[in-house]
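Below you'll find the structure, written out as structure tokens, and then a few comments.
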Amino acid sequence: MQNAVNKNNNAENVVQMNLAKVTEKMKAASENEAKFTPKTLLNGAFNLNGLSIIKKDGTKEEFNIKKVQSAVSKSAARMIVTFSEEEMNSICNFVIKEVLTLGKKDIDILEIHNIVESALESVNPKVAESYRNYRNYKTDFVRMLDKVFQESQKIMYIGDKENSNADSALVSTKRSLIFNQLNKELYKKFFLNVDELQAIRDGYIYIHDMSARRDTMNCCLFDVQSVLKDGFEMGNIWYNEPKSLDVAFDVVGDIVMAAASQQYGGFTVPEADKLLAPYAKKTYERQYNKYVCLGLSFEKAKEEALKDVQHDFEQGFQGWEYKFNTVASSRGDYPFITVTIGLGTGEFERMASITMLKVREKGQGKKENKKPVLFPKIVFLYDKDLHGVGKELEDVYRAGVECSKKAMYPDWLSLTGEGYVASMYKKYKKVISPMGCRAFLSPWYERGGMSPADENDSPVFVGRFNIGAISLHLPMIYAKAQKESKDFYSVLDYYMELIRKIHIKTYEYLGEMRASVNPLAYCEGGFYGGHLKPSDKIKPLLKTATASFGVTALNELQELYNGKSLVEDGQFALEVMEYINNKITEYKEQDGNLYAIYGTPAENLCGLQIKQFRKKYGIKEKVSDRGYVSNSFHCHVSEDITPIEKQDLENRFWNLFNGGKIQYVKYPISYNTEAIETLIHRAMDLGFYEGVNLSLAYCDDCGHQELAMDVCPKCGSHNLTKIDRMNGYLSYSRVNGDTRLNEAKMEEIKDRVSM
């Protein structure tokens, strides 16, 4: 006992002696108007010999004031602050004095952190906060990695069904999904503030693709034609422009796979028939001359040359279907590739469109067991003056209908009906192809930007893209306003402002990226203005990019408001969307950014939003009593309404979602061509982007196929492949007895009546 007392007395004496030395030196410095520089401190002006710091892992390390200097300098740099010599001197003196006051030979690292934080508070509180946040970050990072590890274990042994385009059974996909989990956590930690984090954790807003949006851009209309013209460089290899159709198919496939891997979201090749026609002509001329030289008559040479072109088209489109459905991108998924066709009136354009449709209609697989593939999604660009009865391209239209009956694709985009997309085509002859399943670009004019400079100014769509979507959860926002007795529109404004600020940060953040991150897009002309040097920042190209405000569950919002569905009422939902549109117009004018309103295709989100609503506001009839919410502005899938009624009911909202929309109805009619044509024509007159909805089922054992079956009536097999519309696109709802879709989406598919 006496020994312990003596040790304590000795320690106190040491502290008093050291403090006396410190005081004496500080007094002398003051009297001489000298400054204790960091260099003086480091050279041993104070006796700190033998003092050790106990690290977090339990190891010891000799106290070193240099480490304090380094840590506070980094914290200051994060706040764009540089400490003067006097300020650094003051911080170091404070830390050393407090360390000596503790009277310990071994000091825990957390105690040192607290001392440094106090020193910074007296010099610069903002830097103190930065230092504190960095300390918290390290603690949070441990938790974050633990969360990522837990998610990685689920992915490794259970799989993931958040994205039906990703086969989580594959090793490459598992690796990508695990990386995505880490990237998502990093995004939340370093890109979002507390209010934004709270909003997404509660579920009032949903930031799509958090795992990728720090790195790159979203959906696009890629200008493949611009890349091909006169050749380009890819992977440090120079590609000459193709001189034949077969080579063009190969090169375009390489471009698409390489460029689509550098983004997330849909990748669209617009007007592929017109893109391929020049290369078909080159093949034709080469073959024609060859046959003439071989002694064939002009007519026979033409006939044989056209057969060769036809063969190359068939092989080329089949090659695309193999490549786009079997070769995963570096992201671990099969890129969502869309091609639009149907407007080309030349011989080779028509041949391209019809052949693509026939290849899709026939399907791929064993001879007696063929079924349609999912990619590329085909969109038919419909012009009633070209595709109507007796019109120039009626044969192309007929091929499209036959393909839709058997493969659900193509989807149909009206260019001559009513609304925004058709108005751009009718006035400027410019096509706004959808990016992926449903996203559309806002106009950007060559000289005027957001608005035309004059009547001769023209809009540009090809080569542009979107930087990301963030969706509002309107039923939750309405429930919050009710519970807190607040005005609904005031609460809505708050969350719209949050989304607006995140979009602004995203524009700024991505603008600092170098063109080298996506050379085909930014350096080789894939994007509008994309002829930058690899070291150039991409900021100038972002002025033409859209940013989307998404909307889900409009039907559930109406139910929450007055207990009626969109079929029964819909007026409040309509008023809300008009309000949102007016707000977005204000934001565009104030910020100079191309914001767009997007009907969100909730895949995994349809189930997540139900869980979030229930956690906050419980189970409410026809709002959160099912396992999923409705998609964007669509009527509930369980509504017993006719296809025509569904078209009319959803038409109210059509022009309020110009940044992303699709309309589809279920066709419970076994390959009834006349009925399908009637509904397509009606949709085209209304100006819709229309999907033909069937439920395709194939027996993998005997090859039998029907529109809908769960057991093969021919051989009794349960080994079926089933294709259903996911949202705006097709997906496998069953493969070898299993599904790639999540539980919520499968529940929705079971409830479908009108969709």
Passes ring pair (Phe, Tyr, Trp, His ring centres under 6.0 Å), F222 versus F527? Steps please. CA-CA 6 Å; F222 200 82; F527 288 163; 5.8 Å; yes

Assess the residue pair E748 and R752 against the criterion (salt bridge (charged side-chain N to carboxylate O under 4.0 Å, His left out)); give the C-alpha distance rounded to whole Å, side-chain angles, the decisive distance to 0.1 Å, and a yes or no. CA-CA 6 Å; E748 186 232 84; R752 289 178 180 177; 2.6 Å; yes

Using the ring of each side chain (for Trp, its six-membered ring), is W320 parallel, tilted or perpendicular to F249, with breaks at 30° and 60°? perpendicular

Using a 4.5 Å cut-off on heavy atoms from C-beta on, say whether the side chain of K274 contacts that of L343. yes

Do L608 and Y206 come close enough that some side-chain heavy atom pair is under 4.5 Å? yes

Taking the six-membered ring for Trp, is the centroid-to-centroid distance between Y664 and H634 below 6.0 Å? yes

Distance-only donor-acceptor pairs under 3.5 Å for side chains of residues 427-434, two or more places apart:
| from | atom 1 | to | atom 2 | distance (Å) |
| --- | --- | --- | --- | --- |
| K430 | NZ | S458 | OG | 3.0 |
| K430 | NZ | P459 | O | 2.6 |
| S433 | OG | T340 | OG1 | 3.1 |

Within the 4.5 Å heavy-atom criterion, are P335 and F324 side-chain neighbours or not? no

Can you label the angle between the Y420 ring and the F461 ring as parallel, tilted or perpendicular, going by 30° and 60°? perpendicular

Checking T216 against N518 for the side-chain hydrogen bond (donor to acceptor under 3.5 Å, both in side chains) test, could you report, in this order, the C-alpha distance in whole Å, the side-chain angles of both residues, the deciding distance, and whether it holds? CA-CA 9 Å; T216 183; N518 191 344; 5.1 Å; no

Taking the side chain as C-beta and beyond, is there a heavy-atom pair between E743 and M746 under 4.5 Å? no

Answer whether the closest heavy-atom distance between the side chains of K646 and Q663 falls below 4.5 Å. yes

Are side-chain heavy atoms of K323 and P376 found at a separation under 4.5 Å? no

Going by salt bridge (Lys or Arg N to Asp or Glu O under 4.0 Å), name the residues that satisfy it together with D411, two or more places apart in sequence or in a different chain. K377, R725

Cation-pi check for F191 against K505: NZ or CZ below 6.0 Å from the six-membered ring centre and within 45 degrees of the axis, yes or no? yes

Ring centres under 6.0 Å, that's the criterion: do Y382 and H387 meet it? yes

Applying salt bridge (charged side-chain N to carboxylate O under 4.0 Å, His left out) to E402 and K405, what does each step give before you reach the verdict? CA-CA 5 Å; E402 289 302 312; K405 286 186 346 186; 3.3 Å; yes

From CA spacing to verdict: ring pair (Phe, Tyr, Trp, His ring centres under 6.0 Å), H531, Y522: CA-CA 6 Å; H531 293 284; Y522 300 123; over 10 Å; no

Going through the checks in order, is the side-chain hydrogen bond (donor to acceptor under 3.5 Å, both in side chains) test met by T600 and S632? CA-CA 5 Å; T600 301; S632 62; over 6 Å; no

Verify whether one side chain among S731 and D724 offers a donor that lies under 3.5 Å from an acceptor in the other. no

Side chains of Y397 and V401: closer than 4.5 Å at any heavy-atom pair? yes

Separation of L520 CG from M234 CE (nearest 0.5 Å): 6.0 Å

Would you say the rings of F549 and Y598 are close, in the sense that their centroids are separated by under 6.0 Å? no

Check whether R214 reaches the backbone of M210 with its side chain - one donor and one acceptor, N or O, closer than 3.5 Å. no

Within the 6.0 Å centroid threshold, strictly below: W412 and Y689: no

CA sep, side-chain torsions, deciding dist, call: K745, E603, salt bridge (charged side-chain N to carboxylate O under 4.0 Å, His left out): CA-CA 7 Å; K745 187 54 67 174; E603 183 175 335; over 6 Å; no

Whether R213 side chain and G468 backbone form a donor-acceptor pair below 3.5 Å: no

N/O donor-acceptor pair under 3.5 Å between Y187 side chain and D209 backbone: no

List for me each residue that meets salt bridge (Lys or Arg N to Asp or Glu O under 4.0 Å) alongside R500, sequence neighbours excluded, and say none if there are none. E497, D591

So which atom in Y264 and which in A212 form the shortest heavy-atom distance, rounded to 0.1 Å? CD2-CB, 3.6 Å

Between H473 and G203, is there a donor-acceptor pair closer than 3.5 Å when you use the side chain of the first and the backbone of the second? yes

Dump the intermediate steps for side-chain hydrogen bond (donor to acceptor under 3.5 Å, both in side chains) on E690 and Q647, then the final yes or no. CA-CA 10 Å; E690 176 84 354; Q647 285 180 339; 3.3 Å; yes

Could you tell me if the side chain of F375 sits less than 4.5 Å from the side chain of T338, heavy atoms only? no

Using a 3.5 Å distance criterion without hydrogens, assess whether the side chain of S414 forms a donor-acceptor pair with backbone atoms of M684. yes

